[in-house]
Amino acid sequence: MNYPDLFVRVSGVFRLVLDSPELQIVGHECIGDPAIWDSFAHVNLIIALESEFNVEFTAEEISQLHSLESIMAALIKRQNVSEI
Amino acid sequence: MNSQVGGNRTIKGSYVRSLKSLRDGLIVSQDGLQSVSIVLGGNANTDFLIPGLVSQLSEDGIVAHCSSTDFSSWEMETFTGFPDSDFWVVWLSSAGATTGGTTDFVLELDRVSEAIKRLKARGKDVVALLPEVSSAEFESTSIHCPERIRFLAACYERLSAEAILVPIDPIVASIGLDQWWSPKYWEVAKSPASPDAVDLVAREVGVIISRSLRPRIRGVIVDLDDTLWGGIVGEVGSEGLMLDPQSNGRPYLELQYFLKTLSRRGVMLAVASKNDPESAVRPFRERPEMILREDDFISIHASWHSKSESIKEILSQMNVGVESVCFLDDSAMERDEAKTRLPGLIVPELADNPSERVSQLRSSRLFVQPKIMTEDLLRSTYVRDNKIETHVGVDDYLKSLELRLVSKKIDLSNVDRCASLLQKTNQFNLTLWRPTKRELLDFLASSQTLGFCYRLVDRIGDAGITGVLLGRIDGDRLRIEAWVVSCRVFNRKFETAIITHVAQWASSHNLVTIEATYVVGPRNHRTKTVMTEIGFVQDQAGDIMRLTVISGMSNNHPIRIEGE
């Protein structure tokens, strides 16, 4: 899997959780931007990402992964997406 | 230490699957589908219940609209919050009561009980999720366990009349504590369990709400050979049947015990068997291992007619609609015949292997019965005993019953049953007005309206609330706005006794006439006939029937009137 593929999959999870099939994901999103990415959506996002990529985030990570960039970085670090 | 505690059913990914089904648009809000408004609250975050709850109800054809109270403010909201809601789901989690396992268990039952009573007083149905087992309880010196168990016992004692109580421990046991408790999701979102485990709870609550909105199963009609016992009685005789609880008779006895338990909850049982009548009853009399006895059944139909014909006859004895009755038969052919010829009849599959049948029936969730109404418990006995007594002459029979009509004003203790009777009754229904519980409460809010419900009690037992009358005072007249009588108590002069009671009430309030407008419907002609017998006189235009309170009353009934 390469970075663009990962980005597509992460974007899919975002659209699903935020219930916005048409949402354009540009890569600079963070909590509050878009506004529907609120604190509850954030936890749903983490749950869905854990399920999609079969990874576990710690409580500490969850509270730090506030932007799409940080989420991408955390996923890249995980072993099961290291073939990028 | 707790990784092996409980079961190991895998639930990974179930929350996300529910979330997806919600997003994929499987949940379609359509006109004509039943919809229900649910409020979620408790001592923890209940938002994670929503995807599973909405998905489960959608699978059952119900559109659910869910809202959550602000975190931990559910008690305050019970005063006036969410006026349009139908159900409240209140999660009394151990995680919340111990602040995530860091304090003693603190949940004030007095306040919980008061809050639930407030909701009931506002006409809401309440589902309360009881505190779950926590890992701390597996330490022998833990103080959590006894406190929680005391709380659970107190919940059943004090809340079970007001709320549908859902024990969570069986769910935890089925997946194990490791899959249940998630410190991480408590920390970041105050979720009382892992989201996948919460999804399981949500599905359970969905089933409970769905079953309480659907007709309950009121009767089970069951086959005999190879269903209630192993073997064919007509071939091997009663002594040759498999009924040994220690060996191959066990699965059949397990099904009998399952049915016996349903019967204790008020579900009527009957037999539809292709057999000679004499052979069919012999095992009940000759085999002491039998758990079900002849008197557990309202009728035992043994003949060579088709199953659907027998079922039709039993349905008329049970006096319930086909959609509230379940038919159990080991033969796929017989199940198919019944299902095809009696659309609406509930016909669950029965495994070829008898050992699998009870767990199959349990997991079908058909018999989940969130609320047991006293009327249901009494009905079974009543139908059975009425059958026994019908050989007596009518007049003697009525006298021997020592009938009593017990009247009560409609209030919150009986409004569920009254609304249900008003909605379902067809044969004796004066105006065909079928108010919902909410409309009924609105109607009764006026000082010019009255509503009575009536129980018919006799020396055998109590038929429960079987009559409802709603009236409106208009000058010196009392206008009957709705009047229904259950067909279960026809031919007892119960209708006459109700009018006698209403006339007494009217007279004591200086009213002179009782007026009723009979609305013609497809099945309610009986109403007009009975009213004429009572003494109502049709006016010249033909649409209003009147009864003069004092002189026109017929007291020709054998029923003693009691109550309010």
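Just so we're clear, the structure is a prediction, and the values are computed from it rather than from any experiment. Each chain gets a letter, A, B and so on, in the order its sequence line appears, and its residues count up from 1.
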Taking only residues two or more places apart in sequence, or in another chain, which ones meet B/Trp74 in a ring-ring contact (aromatic ring centres under 6.0 Å, His included)?
-> none
Gap between atom CG of B/Asp60 and atom CZ of B/Arg365 - 0.5 Å precision | 10.5 Å
Do B/Phe87 and B/Val205 have side chains that get closer than 4.5 Å, going by heavy atoms?
-> no
Below 3.5 Å only, please: all the donor-acceptor pairs between chain B and chain A, one per line.
{"from": "B/Tyr15", "atom 1": "OH", "to": "A/Asn44", "atom 2": "OD1", "distance (Å)": "2.5"}
{"from": "B/Arg23", "atom 1": "NE", "to": "A/Leu16", "atom 2": "O", "distance (Å)": "2.8"}
{"from": "B/Arg23", "atom 1": "NH2", "to": "A/Val17", "atom 2": "O", "distance (Å)": "2.8"}
{"from": "B/Lys184", "atom 1": "NZ", "to": "A/Glu50", "atom 2": "OE2", "distance (Å)": "2.6"}
{"from": "B/Lys184", "atom 1": "NZ", "to": "A/Glu56", "atom 2": "OE1", "distance (Å)": "2.9"}
{"from": "B/Lys184", "atom 1": "NZ", "to": "A/Phe57", "atom 2": "O", "distance (Å)": "2.7"}
{"from": "B/Tyr185", "atom 1": "OH", "to": "A/Glu50", "atom 2": "OE1", "distance (Å)": "2.7"}

ring-ring contact (aromatic ring centres under 6.0 Å, His included) with A/Phe40: which residues, sequence neighbours excluded?
-> B/Phe48
Just how far is it from atom CG of B/Leu200 to atom CG of B/Leu49, taken to the nearest 0.5 Å?
-> 11.0 Å
Where does A/Ile47 contact chain B at under 4.5 Å (heavy atoms): side chain, backbone, both or neither?
-> both
Contacts of B/Ser364 meeting side-chain contact (heavy atoms from CB on, under 4.5 Å) (sequence neighbours excluded), chain-then-number -> B/Leu366
